[in-house]
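Any value given below was found using the heavy atoms of this structure, including those in side chains, with hydrogens, waters and symmetry copies removed. Starting from 1, each residue takes its place in the sequence as its number.
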Amino acid sequence: MEKLDVKLEKEKNDYFRKWIIEEWKHHNTVDSIYQLRIIKPEELTFEKNEEYYKIICNNEMVGFIGIKDYEKEIYLYRFFIDEKYRGKGIGTIALNHIINMAKDQNKDMSLEVMGENIARNLYERLGFKTHYRKMVLKINDNIYEN
């Protein structure tokens with residue numbers, strides 16, 4: 001098994017505009033009842049507490065993690081591993097870096113996961129527990145479209 005050298009490298013939020021849009025378009029875990037309105041990269045806005053990190057594995061960028069850093073909590077906001085690098089343990093190592101950041105700051109961590117997102121197994125394996133469940137009654141299929 002190949003040794004993985006996984007590290008996070010903080011980058012300015014603007015760097016991730018196109019990555020985020022591509023994740024929205026191609027990510028296979030978007031729940032069919034929650035249809036995202038895909039916007040242009042230049043329309044994407046960031047909040048002051050958002051931070052983004054490149055996920056670097058063996059000197060190659062393979063994904064990214066976005067967090068929202070609050071006073072008592074780190075919220076895992078966006079997490080993406082390129083499909084060809086999934087299932088190798090990279091996501092586990094990268095997420096553990098963020099968990100250790102939260103521990104060092106004595107903060108809780110939270111995230112939201114939609115439907116049967118394949119990352120749910122990873123989150124549960126690392127100790128995340130379901131705290132609440134959001135339910136939706138879909139009335140208007142066009143509500144999130146342009």
- All heavy atoms of Leu4 vs all of Gly89, minimum pair found to be CD1-C, 4.2 Å

- Message: Going by salt bridge (Lys or Arg N to Asp or Glu O under 4.0 Å), name the residues that satisfy it together with Lys10, two or more places apart in sequence or in a different chain.
- Response: Glu51

- With a 4.5 Å heavy-atom cut-off, do Glu60 and Tyr85 have their side chains touching? yes

- Query: Do Tyr77 and Asn49 pass the side chain to side chain contact (heavy atoms under 4.5 Å, CB included) test, and can you show the C-alpha distance, the side-chain angles, and the key distance before you say yes or no?
  - Reply: CA-CA 11 Å; Tyr77 188 51; Asn49 64 336; over 6 Å; no

- Item | Partners passing salt bridge (Lys or Arg N to Asp or Glu O under 4.0 Å) against Glu9 (at least two apart in sequence or in another chain) | Lys54

- When rounded to the nearest 0.5 Å, the distance separating CE of Met101 from OH of Tyr53 is 3.5 Å

- Note on the structure: Closest heavy-atom pair, Ser110 versus Tyr75, reported as atoms and distance to 0.1 Å, is OG-CD1, 3.2 Å

- Separation between CD of Glu11 and CZ of Phe16, rounded to the nearest 0.5 Å: 5.5 Å

- Message: Just to verify, what does Arg17 make a salt bridge (Lys or Arg N to Asp or Glu O under 4.0 Å) with, not counting sequence neighbours?
- Response: Asp14

Would you mind writing out the side-chain donor-acceptor pairs for residues 61-69 within the sub-3.5 Å range, not counting sequence neighbours?
residue, atom, partner, partner atom, Å
Lys68, NZ, Glu47, OE2, 3.0
Asp69, OD1, Lys107, NZ, 2.5

- To the nearest 0.5 Å, how far apart are OH in Tyr70 and CG in Asp108? 14.0 Å

- Query: What side-chain hydrogen bond (donor to acceptor under 3.5 Å, both in side chains) pairs are there with at least one residue in residues 90-102, not counting sequence neighbours?
  - Reply: Thr92-Arg125

- Message: Using 0.5 Å steps for rounding, measure from the CG atom of Leu95 to the CD1 atom of Ile90.
- Response: 13.5 Å

- Query: Any side-chain heavy atom of Ile55 within less than 4.5 Å of one from Leu8?
  - Reply: yes

- First locate atom CD1 of Ile98, then atom CD1 of Ile74, and finally report the distance between them rounded to the nearest 0.5 Å. 7.0 Å

- More than 12 heavy atoms of other groups within 6.0 Å of Asn106 CG: no

- Message: List the residues meeting ring-ring contact (aromatic ring centres under 6.0 Å, His included) with Phe46, not counting sequence neighbours, and say none if there are none.
- Response: Tyr52

- Item | Side chains of Leu76 and Tyr123 in contact at under 4.5 Å (non-hydrogen atoms) | yes

